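In this text, all values refer to a predicted model and were calculated from it rather than measured experimentally.
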Amino acid sequence: MTVCVQEADFDVGAELARLTDGNKRIGGLAVFVGLVREMHVREGYHRDKVDALTLEHYPGMTEKALEEIEAEANRRWPLEATLIVHRYGRMEAGERIVLVAVGSPHREAAFEACEFLVDWLKTKAPFWKLEETPAGEKWVGAHEGDDAAAARWEKKP
Amino acid sequence: MTVCVQEADFDVGAELARLTDGNKRIGGLAVFVGLVREMHVREGYHRDKVDALTLEHYPGMTEKALEEIEAEANRRWPLEATLIVHRYGRMEAGERIVLVAVGSPHREAAFEACEFLVDWLKTKAPFWKLEETPAGEKWVGAHEGDDAAAARWEKKP
Amino acid sequence: MKVRYFAWMKRTVGLPEEEVAPPADVTTVGDLIVWLRARSPGHAEALAEGAAFGAAVDQRTATFDVKLAGAREVAFFPPFTGG
Amino acid sequence: MKVRYFAWMKRTVGLPEEEVAPPADVTTVGDLIVWLRARSPGHAEALAEGAAFGAAVDQRTATFDVKLAGAREVAFFPPFTGG
(Lines give C-alpha, C1' and ligand atoms only; values in the text may rest on other atoms or scores of the structure.)
Protein backbone atom coordinates (compact mmCIF):
# COMPACT_ATOMS: atom_id res chain seq x y z
CA MET A 1 0.00 0.00 0.00
CA THR A 2 1.56 3.23 -1.16
CA VAL A 3 0.25 6.77 -1.48
CA CYS A 4 2.24 9.61 -3.05
CA VAL A 5 1.03 13.20 -3.30
CA GLN A 6 3.53 15.13 -5.36
CA GLU A 7 3.99 18.09 -7.67
CA ALA A 8 6.31 16.24 -10.07
CA ASP A 9 5.17 14.00 -12.90
CA PHE A 10 5.51 10.26 -12.40
CA ASP A 11 6.99 7.49 -14.55
CA VAL A 12 4.20 4.95 -15.08
CA GLY A 13 6.49 2.11 -16.14
CA ALA A 14 8.87 2.61 -13.22
CA GLU A 15 6.00 2.89 -10.71
CA LEU A 16 4.35 -0.31 -11.95
CA ALA A 17 7.64 -2.21 -12.06
CA ARG A 18 8.35 -1.18 -8.46
CA LEU A 19 4.84 -2.23 -7.44
CA THR A 20 4.97 -5.74 -8.86
CA ASP A 21 8.69 -6.62 -8.79
CA GLY A 22 9.34 -9.80 -6.85
CA ASN A 23 5.65 -10.51 -6.22
CA LYS A 24 4.76 -13.63 -8.16
CA ARG A 25 1.26 -13.89 -6.71
CA ILE A 26 -0.07 -11.11 -8.95
CA GLY A 27 -1.99 -12.45 -11.94
CA GLY A 28 -3.61 -9.19 -12.96
CA LEU A 29 -2.63 -5.56 -12.60
CA ALA A 30 -5.36 -3.00 -13.28
CA VAL A 31 -4.17 0.54 -13.80
CA PHE A 32 -5.79 3.91 -14.32
CA VAL A 33 -4.02 7.04 -15.51
CA GLY A 34 -5.98 10.29 -15.42
CA LEU A 35 -4.85 13.01 -17.80
CA VAL A 36 -5.65 16.68 -18.37
CA ARG A 37 -8.11 16.74 -21.25
CA GLU A 38 -7.96 19.71 -23.60
CA MET A 39 -11.72 19.85 -24.12
CA HIS A 40 -13.79 20.00 -21.02
CA VAL A 41 -17.22 18.93 -22.12
CA ARG A 42 -20.07 18.92 -19.68
CA GLU A 43 -23.58 19.08 -21.10
CA GLY A 44 -25.59 22.01 -19.82
CA TYR A 45 -22.72 23.37 -17.76
CA HIS A 46 -19.88 24.66 -19.86
CA ARG A 47 -17.91 23.64 -22.90
CA ASP A 48 -14.59 25.36 -22.95
CA LYS A 49 -11.14 24.64 -24.22
CA VAL A 50 -8.96 23.81 -21.25
CA ASP A 51 -5.30 24.70 -21.79
CA ALA A 52 -4.11 23.84 -18.31
CA LEU A 53 -5.32 23.41 -14.77
CA THR A 54 -4.02 23.91 -11.29
CA LEU A 55 -4.85 21.33 -8.67
CA GLU A 56 -5.04 22.68 -5.16
CA HIS A 57 -5.07 20.22 -2.28
CA TYR A 58 -5.07 20.06 1.49
CA PRO A 59 -1.61 18.87 2.55
CA GLY A 60 -1.89 16.41 5.38
CA MET A 61 -5.55 15.63 4.91
CA THR A 62 -4.96 14.51 1.31
CA GLU A 63 -2.50 11.80 2.32
CA LYS A 64 -4.79 10.63 5.16
CA ALA A 65 -7.83 10.50 2.86
CA LEU A 66 -5.98 8.55 0.17
CA GLU A 67 -4.56 6.12 2.73
CA GLU A 68 -8.04 5.48 4.11
CA ILE A 69 -9.45 4.86 0.64
CA GLU A 70 -6.59 2.50 -0.12
CA ALA A 71 -7.09 0.64 3.16
CA GLU A 72 -10.80 0.30 2.40
CA ALA A 73 -10.01 -1.27 -1.00
CA ASN A 74 -7.69 -3.72 0.71
CA ARG A 75 -10.47 -4.65 3.15
CA ARG A 76 -12.94 -5.27 0.33
CA TRP A 77 -10.80 -7.20 -2.15
CA PRO A 78 -7.91 -9.68 -1.87
CA LEU A 79 -5.16 -7.43 -3.18
CA GLU A 80 -1.43 -7.97 -3.39
CA ALA A 81 -0.39 -4.40 -4.21
CA THR A 82 -2.01 -0.97 -4.37
CA LEU A 83 -0.61 2.38 -5.41
CA ILE A 84 -2.03 5.87 -5.67
CA VAL A 85 0.08 8.71 -7.05
CA HIS A 86 -1.74 12.05 -7.27
CA ARG A 87 -0.16 15.27 -8.47
CA TYR A 88 -0.98 18.81 -7.43
CA GLY A 89 0.03 22.15 -8.93
CA ARG A 90 -0.18 23.32 -12.52
CA MET A 91 -0.55 20.82 -15.36
CA GLU A 92 -1.05 21.43 -19.07
CA ALA A 93 -3.41 19.55 -21.37
CA GLY A 94 -2.06 16.06 -22.05
CA GLU A 95 -0.20 15.81 -18.73
CA ARG A 96 -0.76 12.98 -16.27
CA ILE A 97 -2.68 13.87 -13.08
CA VAL A 98 -3.18 10.61 -11.24
CA LEU A 99 -2.04 6.99 -11.28
CA VAL A 100 -3.98 4.22 -9.57
CA ALA A 101 -2.68 0.65 -9.77
CA VAL A 102 -3.99 -2.53 -8.18
CA GLY A 103 -2.41 -5.98 -8.33
CA SER A 104 -4.36 -9.07 -7.37
CA PRO A 105 -4.22 -12.79 -8.04
CA HIS A 106 -7.49 -12.34 -9.97
CA ARG A 107 -8.22 -9.79 -12.64
CA GLU A 108 -11.84 -9.22 -11.55
CA ALA A 109 -10.70 -8.04 -8.11
CA ALA A 110 -7.98 -5.88 -9.65
CA PHE A 111 -10.43 -4.14 -12.00
CA GLU A 112 -13.11 -3.63 -9.37
CA ALA A 113 -10.72 -2.28 -6.76
CA CYS A 114 -9.08 0.03 -9.30
CA GLU A 115 -12.45 1.49 -10.33
CA PHE A 116 -13.43 1.81 -6.69
CA LEU A 117 -10.24 3.73 -5.87
CA VAL A 118 -10.69 6.11 -8.80
CA ASP A 119 -14.35 6.75 -7.97
CA TRP A 120 -13.69 7.33 -4.30
CA LEU A 121 -10.63 9.50 -4.65
CA LYS A 122 -12.60 11.81 -6.93
CA THR A 123 -15.22 12.41 -4.23
CA LYS A 124 -13.36 11.78 -0.95
CA ALA A 125 -9.88 13.26 -1.39
CA PRO A 126 -9.44 17.04 -0.93
CA PHE A 127 -8.41 18.20 -4.39
CA TRP A 128 -9.85 21.15 -6.30
CA LYS A 129 -9.35 21.85 -10.00
CA LEU A 130 -8.91 25.38 -11.31
CA GLU A 131 -9.09 25.33 -15.10
CA GLU A 132 -7.40 27.83 -17.41
CA THR A 133 -9.58 28.52 -20.43
CA PRO A 134 -9.49 31.26 -23.07
CA ALA A 135 -12.34 32.87 -21.09
CA GLY A 136 -10.27 32.95 -17.90
CA GLU A 137 -9.85 30.82 -14.79
CA LYS A 138 -12.73 28.71 -13.60
CA TRP A 139 -13.12 26.46 -10.57
CA VAL A 140 -14.48 23.09 -11.63
CA GLY A 141 -17.80 22.24 -10.06
CA ALA A 142 -18.37 18.83 -8.56
CA HIS A 143 -19.55 16.39 -11.20
CA GLU A 144 -22.83 14.65 -10.42
CA GLY A 145 -21.62 11.63 -12.36
CA ASP A 146 -18.70 11.33 -9.94
CA ASP A 147 -21.02 11.29 -6.95
CA ALA A 148 -23.14 8.60 -8.61
CA ALA A 149 -20.04 6.57 -9.45
CA ALA A 150 -18.77 6.83 -5.89
CA ALA A 151 -22.19 6.03 -4.43
CA ARG A 152 -22.36 2.64 -6.13
CA TRP A 153 -19.61 1.45 -3.75
CA GLU A 154 -21.45 2.54 -0.60
CA LYS A 155 -22.25 -0.47 1.52
CA LYS A 156 -25.90 -1.06 2.08
CA PRO A 157 -26.77 -0.87 5.77
CA MET B 1 -5.75 0.80 -32.82
CA THR B 2 -2.67 -1.35 -32.43
CA VAL B 3 -2.18 -5.09 -31.97
CA CYS B 4 1.22 -6.67 -31.32
CA VAL B 5 1.81 -10.41 -30.97
CA GLN B 6 5.40 -10.91 -29.95
CA GLU B 7 7.79 -13.21 -28.11
CA ALA B 8 9.70 -10.37 -26.44
CA ASP B 9 8.67 -8.65 -23.23
CA PHE B 10 7.19 -5.17 -23.53
CA ASP B 11 7.94 -1.88 -21.76
CA VAL B 12 4.65 -0.75 -20.21
CA GLY B 13 5.71 2.86 -19.70
CA ALA B 14 7.01 3.22 -23.25
CA GLU B 15 3.93 1.56 -24.76
CA LEU B 16 1.55 3.82 -22.83
CA ALA B 17 3.55 6.95 -23.63
CA ARG B 18 3.46 6.07 -27.33
CA LEU B 19 -0.29 5.42 -27.11
CA THR B 20 -1.24 8.75 -25.55
CA ASP B 21 1.50 11.14 -26.72
CA GLY B 22 0.09 14.12 -28.55
CA ASN B 23 -3.54 13.13 -27.93
CA LYS B 24 -5.02 15.71 -25.59
CA ARG B 25 -8.55 14.32 -25.84
CA ILE B 26 -7.79 11.42 -23.49
CA GLY B 27 -9.05 12.02 -19.97
CA GLY B 28 -8.71 8.46 -18.73
CA LEU B 29 -6.43 5.59 -19.63
CA ALA B 30 -7.43 2.16 -18.33
CA VAL B 31 -4.74 -0.48 -18.46
CA PHE B 32 -4.49 -4.18 -17.70
CA VAL B 33 -1.28 -6.14 -17.37
CA GLY B 34 -1.58 -9.92 -17.08
CA LEU B 35 1.30 -11.70 -15.39
CA VAL B 36 2.36 -15.31 -14.87
CA ARG B 37 1.21 -16.19 -11.38
CA GLU B 38 3.34 -18.64 -9.42
CA MET B 39 0.40 -20.34 -7.77
CA HIS B 40 -2.25 -21.59 -10.09
CA VAL B 41 -5.28 -21.99 -7.91
CA ARG B 42 -8.47 -23.38 -9.34
CA GLU B 43 -10.91 -24.93 -6.93
CA GLY B 44 -11.80 -28.51 -7.75
CA TYR B 45 -9.41 -28.69 -10.66
CA HIS B 46 -5.81 -28.48 -9.67
CA ARG B 47 -3.66 -26.48 -7.30
CA ASP B 48 -0.07 -26.61 -8.40
CA LYS B 49 2.94 -24.39 -8.21
CA VAL B 50 3.52 -22.94 -11.64
CA ASP B 51 7.17 -22.14 -12.34
CA ALA B 52 6.73 -21.11 -15.95
CA LEU B 53 4.42 -21.49 -18.88
CA THR B 54 4.62 -21.64 -22.62
CA LEU B 55 2.00 -19.85 -24.64
CA GLU B 56 1.32 -21.40 -28.01
CA HIS B 57 -0.67 -19.41 -30.54
CA TYR B 58 -1.91 -19.54 -34.11
CA PRO B 59 0.17 -17.06 -36.11
CA GLY B 60 -2.00 -15.16 -38.53
CA MET B 61 -5.29 -16.01 -36.88
CA THR B 62 -4.14 -14.49 -33.57
CA GLU B 63 -3.56 -11.06 -35.08
CA LYS B 64 -6.87 -11.19 -36.97
CA ALA B 65 -8.78 -12.22 -33.83
CA LEU B 66 -7.21 -9.47 -31.71
CA GLU B 67 -7.85 -6.85 -34.40
CA GLU B 68 -11.50 -7.88 -34.57
CA ILE B 69 -11.87 -7.67 -30.80
CA GLU B 70 -10.22 -4.26 -30.80
CA ALA B 71 -12.48 -3.04 -33.62
CA GLU B 72 -15.52 -4.28 -31.70
CA ALA B 73 -14.46 -2.29 -28.62
CA ASN B 74 -14.09 0.80 -30.79
CA ARG B 75 -17.60 0.27 -32.15
CA ARG B 76 -19.08 -0.04 -28.67
CA TRP B 77 -17.32 2.80 -26.85
CA PRO B 78 -16.04 6.27 -27.83
CA LEU B 79 -12.33 5.51 -27.62
CA GLU B 80 -9.33 7.61 -28.55
CA ALA B 81 -6.67 4.90 -28.37
CA THR B 82 -6.51 1.13 -27.97
CA LEU B 83 -3.55 -1.21 -27.66
CA ILE B 84 -3.19 -4.96 -27.23
CA VAL B 85 0.26 -6.50 -26.79
CA HIS B 86 0.20 -10.26 -26.25
CA ARG B 87 3.30 -12.40 -25.84
CA TYR B 88 3.81 -16.01 -26.84
CA GLY B 89 6.56 -18.49 -26.00
CA ARG B 90 8.03 -19.37 -22.62
CA MET B 91 7.52 -17.07 -19.63
CA GLU B 92 8.52 -17.55 -16.00
CA ALA B 93 6.46 -16.71 -12.94
CA GLY B 94 6.32 -12.95 -12.46
CA GLU B 95 6.74 -12.17 -16.15
CA ARG B 96 4.27 -10.04 -18.10
CA ILE B 97 2.04 -11.88 -20.59
CA VAL B 98 -0.36 -9.31 -21.94
CA LEU B 99 -0.95 -5.56 -21.99
CA VAL B 100 -4.31 -4.02 -22.80
CA ALA B 101 -4.69 -0.24 -22.76
CA VAL B 102 -7.66 1.95 -23.62
CA GLY B 103 -7.75 5.74 -23.72
CA SER B 104 -11.04 7.62 -23.79
CA PRO B 105 -12.31 11.09 -22.94
CA HIS B 106 -14.28 9.42 -20.13
CA ARG B 107 -12.99 7.00 -17.54
CA GLU B 108 -16.13 4.86 -17.48
CA ALA B 109 -15.75 4.03 -21.18
CA ALA B 110 -12.03 3.36 -20.73
CA PHE B 111 -12.61 0.93 -17.86
CA GLU B 112 -15.49 -0.87 -19.55
CA ALA B 113 -13.70 -1.26 -22.87
CA CYS B 114 -10.53 -2.45 -21.14
CA GLU B 115 -12.42 -5.14 -19.22
CA PHE B 116 -14.25 -6.10 -22.40
CA LEU B 117 -10.99 -6.52 -24.30
CA VAL B 118 -9.43 -8.65 -21.56
CA ASP B 119 -12.53 -10.85 -21.24
CA TRP B 120 -12.86 -11.36 -24.98
CA LEU B 121 -9.22 -11.97 -25.77
CA LYS B 122 -9.19 -14.74 -23.17
CA THR B 123 -11.99 -16.59 -24.95
CA LYS B 124 -11.71 -15.47 -28.59
CA ALA B 125 -7.99 -15.27 -29.36
CA PRO B 126 -6.15 -18.52 -30.22
CA PHE B 127 -3.69 -18.88 -27.34
CA TRP B 128 -3.04 -22.03 -25.31
CA LYS B 129 -1.17 -22.17 -22.03
CA LEU B 130 1.13 -25.07 -21.20
CA GLU B 131 2.16 -24.83 -17.55
CA GLU B 132 5.38 -26.17 -16.06
CA THR B 133 4.76 -27.52 -12.57
CA PRO B 134 6.85 -29.74 -10.31
CA ALA B 135 4.51 -32.58 -11.42
CA GLY B 136 5.32 -31.97 -15.09
CA GLU B 137 3.77 -30.13 -17.99
CA LYS B 138 0.05 -29.54 -18.07
CA TRP B 139 -2.21 -27.88 -20.65
CA VAL B 140 -4.46 -25.37 -18.96
CA GLY B 141 -8.13 -26.16 -19.36
CA ALA B 142 -10.56 -23.45 -20.33
CA HIS B 143 -11.76 -21.54 -17.31
CA GLU B 144 -15.53 -21.44 -16.88
CA GLY B 145 -15.19 -18.07 -15.18
CA ASP B 146 -13.62 -16.71 -18.36
CA ASP B 147 -16.55 -17.88 -20.45
CA ALA B 148 -18.96 -16.25 -18.03
CA ALA B 149 -16.93 -13.04 -18.05
CA ALA B 150 -16.89 -12.98 -21.85
CA ALA B 151 -20.58 -13.83 -22.10
CA ARG B 152 -21.64 -10.72 -20.19
CA TRP B 153 -20.57 -8.66 -23.22
CA GLU B 154 -22.64 -10.65 -25.72
CA LYS B 155 -25.27 -8.44 -27.26
CA LYS B 156 -28.81 -9.53 -26.64
CA PRO B 157 -30.61 -10.28 -29.91
CA MET C 1 -8.05 27.20 16.76
CA LYS C 2 -6.87 27.44 13.16
CA VAL C 3 -9.48 27.83 10.42
CA ARG C 4 -8.47 27.11 6.82
CA TYR C 5 -10.20 27.85 3.53
CA PHE C 6 -9.61 26.18 0.17
CA ALA C 7 -10.24 26.81 -3.54
CA TRP C 8 -12.77 29.56 -4.26
CA MET C 9 -13.63 29.89 -0.55
CA LYS C 10 -10.06 31.06 0.13
CA ARG C 11 -10.46 33.83 -2.46
CA THR C 12 -13.91 34.82 -1.26
CA VAL C 13 -12.91 34.97 2.40
CA GLY C 14 -9.73 36.75 1.33
CA LEU C 15 -7.26 34.65 3.31
CA PRO C 16 -6.06 31.05 3.36
CA GLU C 17 -6.20 30.60 7.11
CA GLU C 18 -6.66 32.46 10.37
CA GLU C 19 -6.37 31.89 14.10
CA VAL C 20 -9.72 32.33 15.84
CA ALA C 21 -10.93 32.06 19.43
CA PRO C 22 -14.69 31.58 19.33
CA PRO C 23 -16.71 31.93 22.53
CA ALA C 24 -17.62 28.91 24.64
CA ASP C 25 -21.13 28.57 23.17
CA VAL C 26 -19.63 27.74 19.76
CA THR C 27 -19.51 23.97 20.23
CA THR C 28 -20.12 22.48 16.74
CA VAL C 29 -18.91 23.03 13.18
CA GLY C 30 -22.32 24.56 12.44
CA ASP C 31 -21.95 27.00 15.36
CA LEU C 32 -18.51 27.98 14.07
CA ILE C 33 -19.89 28.67 10.58
CA VAL C 34 -22.53 31.03 11.99
CA TRP C 35 -19.96 32.76 14.18
CA LEU C 36 -17.42 33.16 11.33
CA ARG C 37 -19.99 34.79 9.02
CA ALA C 38 -19.90 37.93 11.18
CA ARG C 39 -16.17 38.43 10.67
CA SER C 40 -16.38 40.02 7.19
CA PRO C 41 -18.57 40.25 4.08
CA GLY C 42 -16.19 37.73 2.45
CA HIS C 43 -16.76 35.27 5.29
CA ALA C 44 -20.51 35.82 5.07
CA GLU C 45 -20.50 35.13 1.32
CA ALA C 46 -18.22 32.10 1.41
CA LEU C 47 -20.02 30.49 4.34
CA ALA C 48 -23.53 31.56 3.31
CA GLU C 49 -26.46 29.33 4.09
CA GLY C 50 -27.16 27.16 1.06
CA ALA C 51 -23.63 27.46 -0.34
CA ALA C 52 -22.17 24.11 -1.38
CA PHE C 53 -19.25 23.53 0.93
CA GLY C 54 -17.98 20.91 3.33
CA ALA C 55 -15.79 20.87 6.38
CA ALA C 56 -13.03 18.91 8.05
CA VAL C 57 -12.06 18.84 11.70
CA ASP C 58 -8.41 18.00 12.31
CA GLN C 59 -8.12 16.86 8.68
CA ARG C 60 -11.06 14.47 8.68
CA THR C 61 -14.27 15.19 6.81
CA ALA C 62 -16.89 16.34 9.28
CA THR C 63 -20.61 17.05 9.10
CA PHE C 64 -21.84 20.32 10.59
CA ASP C 65 -23.07 18.65 13.79
CA VAL C 66 -19.58 17.45 14.72
CA LYS C 67 -18.33 18.82 18.06
CA LEU C 68 -15.31 21.12 18.08
CA ALA C 69 -14.11 20.06 21.54
CA GLY C 70 -10.31 19.86 21.40
CA ALA C 71 -10.14 20.58 17.66
CA ARG C 72 -6.96 22.30 16.56
CA GLU C 73 -7.79 22.83 12.87
CA VAL C 74 -11.09 23.28 11.09
CA ALA C 75 -11.21 23.57 7.30
CA PHE C 76 -13.92 24.67 4.87
CA PHE C 77 -13.87 23.77 1.20
CA PRO C 78 -16.04 23.28 -1.91
CA PRO C 79 -16.87 19.74 -3.10
CA PHE C 80 -13.77 17.79 -4.15
CA THR C 81 -12.92 17.66 -7.86
CA GLY C 82 -9.69 15.66 -8.00
CA GLY C 83 -8.75 12.57 -9.96
CA MET D 1 -6.19 -28.30 -48.19
CA LYS D 2 -3.94 -27.79 -45.17
CA VAL D 3 -5.12 -29.08 -41.79
CA ARG D 4 -3.45 -27.75 -38.63
CA TYR D 5 -3.56 -28.91 -35.02
CA PHE D 6 -2.72 -26.91 -31.91
CA ALA D 7 -1.83 -27.47 -28.24
CA TRP D 8 -2.56 -31.00 -26.98
CA MET D 9 -4.30 -31.94 -30.25
CA LYS D 10 -1.00 -31.50 -32.10
CA ARG D 11 0.66 -33.98 -29.73
CA THR D 12 -2.22 -36.43 -29.85
CA VAL D 13 -2.44 -36.41 -33.64
CA GLY D 14 1.36 -36.56 -33.77
CA LEU D 15 1.92 -33.75 -36.24
CA PRO D 16 1.36 -29.99 -36.40
CA GLU D 17 -0.11 -29.93 -39.88
CA GLU D 18 -0.75 -32.02 -42.96
CA GLU D 19 -1.92 -31.64 -46.54
CA VAL D 20 -5.11 -33.60 -47.19
CA ALA D 21 -7.37 -34.14 -50.18
CA PRO D 22 -10.74 -35.28 -48.85
CA PRO D 23 -13.32 -36.71 -51.29
CA ALA D 24 -16.04 -34.52 -52.76
CA ASP D 25 -18.70 -35.64 -50.26
CA VAL D 26 -16.70 -34.00 -47.43
CA THR D 27 -18.38 -30.59 -47.64
CA THR D 28 -18.45 -29.26 -44.03
CA VAL D 29 -16.06 -28.99 -41.08
CA GLY D 30 -18.05 -31.78 -39.43
CA ASP D 31 -17.61 -34.03 -42.49
CA LEU D 32 -13.88 -33.35 -42.41
CA ILE D 33 -13.64 -34.32 -38.74
CA VAL D 34 -15.32 -37.67 -39.41
CA TRP D 35 -13.08 -38.28 -42.42
CA LEU D 36 -9.87 -37.34 -40.55
CA ARG D 37 -10.62 -39.77 -37.70
CA ALA D 38 -9.89 -42.68 -39.99
CA ARG D 39 -6.33 -41.52 -40.72
CA SER D 40 -4.74 -42.80 -37.47
CA PRO D 41 -5.53 -43.74 -33.87
CA GLY D 42 -4.06 -40.33 -32.89
CA HIS D 43 -6.50 -38.55 -35.21
CA ALA D 44 -9.37 -40.64 -33.86
CA GLU D 45 -8.48 -39.75 -30.27
CA ALA D 46 -7.86 -36.04 -30.83
CA LEU D 47 -11.00 -35.58 -32.92
CA ALA D 48 -13.19 -37.97 -30.91
CA GLU D 49 -16.87 -37.25 -30.59
CA GLY D 50 -17.45 -35.40 -27.32
CA ALA D 51 -13.87 -34.07 -27.13
CA ALA D 52 -13.76 -30.36 -26.35
CA PHE D 53 -12.26 -28.73 -29.41
CA GLY D 54 -13.07 -25.99 -31.87
CA ALA D 55 -12.19 -25.23 -35.45
CA ALA D 56 -11.21 -22.40 -37.74
CA VAL D 57 -11.57 -22.17 -41.51
CA ASP D 58 -9.04 -19.89 -43.16
CA GLN D 59 -8.13 -18.48 -39.73
CA ARG D 60 -11.64 -17.59 -38.63
CA THR D 61 -13.47 -19.46 -35.89
CA ALA D 62 -15.98 -21.82 -37.49
CA THR D 63 -18.77 -24.04 -36.23
CA PHE D 64 -18.90 -27.62 -37.49
CA ASP D 65 -21.65 -26.88 -40.02
CA VAL D 66 -19.49 -24.36 -41.91
CA LYS D 67 -18.89 -25.31 -45.58
CA LEU D 68 -15.37 -26.07 -46.73
CA ALA D 69 -15.90 -24.85 -50.30
CA GLY D 70 -12.73 -23.02 -51.32
CA ALA D 71 -11.09 -23.35 -47.90
CA ARG D 72 -7.30 -23.45 -47.96
CA GLU D 73 -6.61 -24.00 -44.26
CA VAL D 74 -8.65 -25.72 -41.56
CA ALA D 75 -7.44 -25.76 -37.95
CA PHE D 76 -8.50 -27.73 -34.88
CA PHE D 77 -7.67 -26.64 -31.35
CA PRO D 78 -8.76 -26.91 -27.72
CA PRO D 79 -10.60 -24.00 -26.06
CA PHE D 80 -8.48 -20.84 -25.88
CA THR D 81 -6.65 -20.09 -22.63
CA GLY D 82 -4.73 -16.90 -23.35
CA GLY D 83 -4.65 -13.57 -21.60
Side-chain angles (χ1 to χ4, degrees), chain A residues 10-17 19-42 49-52 80-81 92-108 110-112 114-116 118-119 122 143 145-146 148-149 152, chain B residues 10-17 19-42 49-52 80-81 92-108 110-112 114-116 118-119 122 143 145-146 148-149 152:
Chain A
F10 44 82
D11 178 331
V12 177
E15 294 290 349
L16 298 183
L19 188 68
T20 58
D21 263 9
N23 186 336
K24 297 180 176 178
R25 295 179 303 278
I26 297 176
L29 181 66
V31 182
F32 178 80
V33 182
L35 302 120
V36 182
R37 195 151 49 100
E38 191 170 57
M39 294 301 285
H40 187 107
V41 181
R42 190 164 298 170
K49 186 166 174 294
V50 174
D51 298 312
E80 287 288 335
E92 302 195 347
E95 281 195 63
R96 285 174 282 270
I97 306 173
V98 61
L99 170 67
V100 175
V102 176
S104 169
H106 303 285
R107 74 179 188 281
E108 298 84 357
F111 269 121
E112 277 186 32
C114 187
E115 279 201 82
F116 165 84
V118 174
D119 287 345
K122 281 180 179 271
H143 189 189
D146 288 340
R152 65 187 161 137
Chain B
F10 45 82
D11 178 330
V12 177
E15 294 289 350
L16 298 184
L19 188 69
T20 58
D21 264 8
N23 186 335
K24 297 181 177 177
R25 294 179 303 278
I26 298 176
L29 181 67
V31 182
F32 178 80
V33 182
L35 302 120
V36 182
R37 194 151 47 101
E38 191 169 60
M39 295 300 286
H40 187 106
V41 180
R42 189 164 299 171
K49 186 166 174 295
V50 173
D51 298 312
E80 286 288 335
E92 301 195 347
E95 282 194 63
R96 285 173 282 270
I97 305 172
V98 61
L99 169 66
V100 175
V102 177
S104 170
H106 302 284
R107 74 179 189 281
E108 298 83 357
F111 268 121
E112 278 186 34
C114 188
E115 277 201 84
F116 166 84
V118 174
D119 286 345
K122 281 183 180 269
H143 188 188
D146 287 340
R152 67 186 161 137

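- Taking CD of B:Glu108 as the start and CG of A:Asp146 as the end, the distance is 7.5 Å to the nearest 0.5 Å.
- For chain B, no part of A:Asp21 is nearby; none of its heavy atoms comes within less than 4.5 Å.
- In this structure, A:Asp119 and B:Arg107 have side chains that are in contact, with non-hydrogen atoms separated by less than 4.5 Å.
- Of the listed residues (B:Val102, B:Val33, B:Val98), the greatest number of heavy-atom pairs within a distance under 4.5 Å of chain A belongs to B:Val33.
- Comparing B:Val31, B:Val118, B:Val12 by heavy-atom pairs within less than 4.5 Å of chain A, the highest count is held by B:Val31.
- Residue contact with chain B, scored on non-hydrogen atoms closer than 4.5 Å, involves the side chain of A:Leu16 exclusively.
- When every heavy atom of B:Phe32 is checked against every heavy atom of A:Gly27, the shortest pair comes out as CZ-O, 4.4 Å.
- Of the listed residues (B:Cys114, B:Ala110, B:Ala17, B:Ala101), the one with the most heavy-atom contacts under 4.5 Å to chain A is B:Cys114.
- By number of non-hydrogen pairs under 4.5 angstrom with chain A, the leading residue of B:Val100, B:Leu29, B:Ile97 is B:Leu29.
- Heavy atoms only, all atoms of each residue included: A:Arg37 and B:Ile26 are closest at CD-C, 4.1 Å.
- Contacts with chain A were tallied for B:Gly145, B:Gly94, B:Ala93; B:Ala93 has the most, counting heavy-atom pairs under 4.5 Å.
- Only the backbone of A:Val36 comes within less than 4.5 Å of a heavy atom of chain B; no side-chain atom from C-beta onward does.
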